[in-house]
Amino acid sequence: MIVARGLTKTYGPKVAVDGLSFTVEPGRVTGFLGPNGAGKSTTMRMMVGLDRPTAGTVTINGRSYADSAAPLRTVGALLEARALHPGRSARNHLRWLAASNGIPVRRVDEVLDLVGLTDVADQRVGRFSLGMGQRLGIAVALLGDPPVVVLDEPVNGLDPEGIRWVRTLARELASQGRTVLVSSHLMSEMALTADHLIVVGRGRMLADCSMAQFIADH
Ligand code: ADP
Ligand code: ADP
């Protein structure tokens, strides 16, 4: 479960996230919808300890990661700004992350298979297409078999088959009882993926309700 209370982030005069309070429950897919610049990425970065809140708190299963990055076994995150080392192969990248996070190395082949990268696992990441990069980012997010999965714009760069795959994956992770938060700027995408919707604009909460309720209201 993810709990945000009065979560706020300012960059100089710019208020990127403006007092957001919400709960992301396990066992369902929560969609995080809002136009570009609404504050979704900043909110997700604060969840995993990549950005420090200016005010307020966000906890994952009761813990705040404001002072230390969340371990891969607690929360798996696909975040736009996280660069992958271009000279490493996908397999090496995952092996290194597994080793440095106390994750059994056999998990590497499991997640490569899960995201469909087994055949290109030994190619340099620098040669990957956007879609392959997204798949590798998702592999990293799932490497630690985490109870909480946060995916920022996961369908970016994927082809239609890849997009359907991400939807199915998100739903599967939720049906396993995990907490799943998926962001998008597209309502059409959220409608096909999420059970629950959190809508933000200019850093503020616009709606927090079930998908069925949101569709009935709009
Ligand atoms: P979204 O993910 O919804 O597109 P972001 O969280 O990326 O939104 O951005 C929210 C706002 O915060 C935007 O106006 C963006 O320009 C600003 N912002 C994000 N990161 C920074 C930063 N490092 N420095 C200054 N402004 C930033
Ligand atoms: P550092 O860069 O601080 O030496 P790591 O690169 O191992 O340490 O990353 C620190 C934490 O960031 C990891 O434990 C993991 O939770 C997370 N992390 C690192 N790389 C990625 C990635 N590509 N995608 C998602 N999370 C990552």
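Ligands are counted one by one from 1 in listed order, and the atoms in each one are counted from 1 as well.
Polar contact with ligand 1: present for Lys40 (N/O pair, distance under 3.5 Å).
Residue Ala38 approaches ligand 1 through these ligand atoms, each under 4.0 Å from one of its heavy atoms: 1 (P), 3 (O), 8 (O). Near Pro35, with a cut-off below 4.0 Å to any heavy atom, the atoms of ligand 1 are 3 (O). Residue Thr42 has at least one heavy-atom neighbour below 4.0 Å for each of these atoms of ligand 1: 5 (P), 6 (O), 9 (O), 19 (C). Shown in contact with Ser41 at under 4.0 Å from a heavy atom are these atoms of ligand 1, numbered in order with element: 1 (P), 2 (O), 6 (O), 7 (O). Within ligand 1, counting atoms from 1 as listed, the ones closer than 4.0 Å to a heavy atom of Asn36 are 4 (O). Every atom of ligand 1 with a heavy atom of Gly39 under 4.0 Å away is listed here by number and element: 1 (P), 3 (O), 5 (P), 6 (O), 8 (O), 10 (C).
Ile138 and Leu192 fall into different hydrophobic clusters, where Ile, Leu, Val, Met, Phe, Trp and Tyr residues are linked whenever their side-chain heavy atoms come under 4.5 Å apart, directly or through other members.
Put simply, the side chain of Arg91 reaches to within 4.5 Å of the side chain of Val108, judged on heavy atoms.
In this structure, Asn61 contributes its side chain and Met1 its backbone to a donor-acceptor pair below 3.5 Å. Not a single donor-acceptor pair under 3.5 Å links the side chain of Thr30 to the backbone N or O of Arg28. Although no hydrogens or angles enter the test, the distance criterion places no donor-acceptor pair under 3.5 Å between the side chain of Arg88 and the main chain of His93.
Given atom 26 (N) of ligand 1, the protein heavy atom at minimum distance is Tyr11 CD1, 3.4 Å. For atom 12 (O) of ligand 1, the closest non-hydrogen atom on the protein side is Ala16 CB, 3.2 Å. Scanning the protein for heavy atoms near atom 13 (C) of ligand 1, the closest one is Gly37 O, 3.8 Å.
Ligand 1 does not have Gly34 within reach: every non-hydrogen atom of the residue lies 4.0 Å or more from it.
Atom CG of residue Leu112 and atom CG of residue Leu117 lie 6.5 Å apart, to the nearest 0.5 angstrom.
Checking Thr168 against Glu172 by side-chain atom types alone, no donor-acceptor pair falls below 3.5 Å.
Atom 16 (O) of ligand 1 lies below 4.0 Å from none of the non-hydrogen atoms of the protein.
Of the listed residues (Thr59, Val75, Val58), just one forms a side-chain contact (heavy atoms from CB on, under 4.5 Å) with Ile2, and that residue is Val58.
Looking at Lys14 against ligand 1, only its side chain comes within 4.0 Å, counting heavy atoms.
The pair Glu110-Arg107 meets the salt-bridge criterion, since a charged nitrogen lies less than 4.0 angstrom from a carboxylate oxygen.
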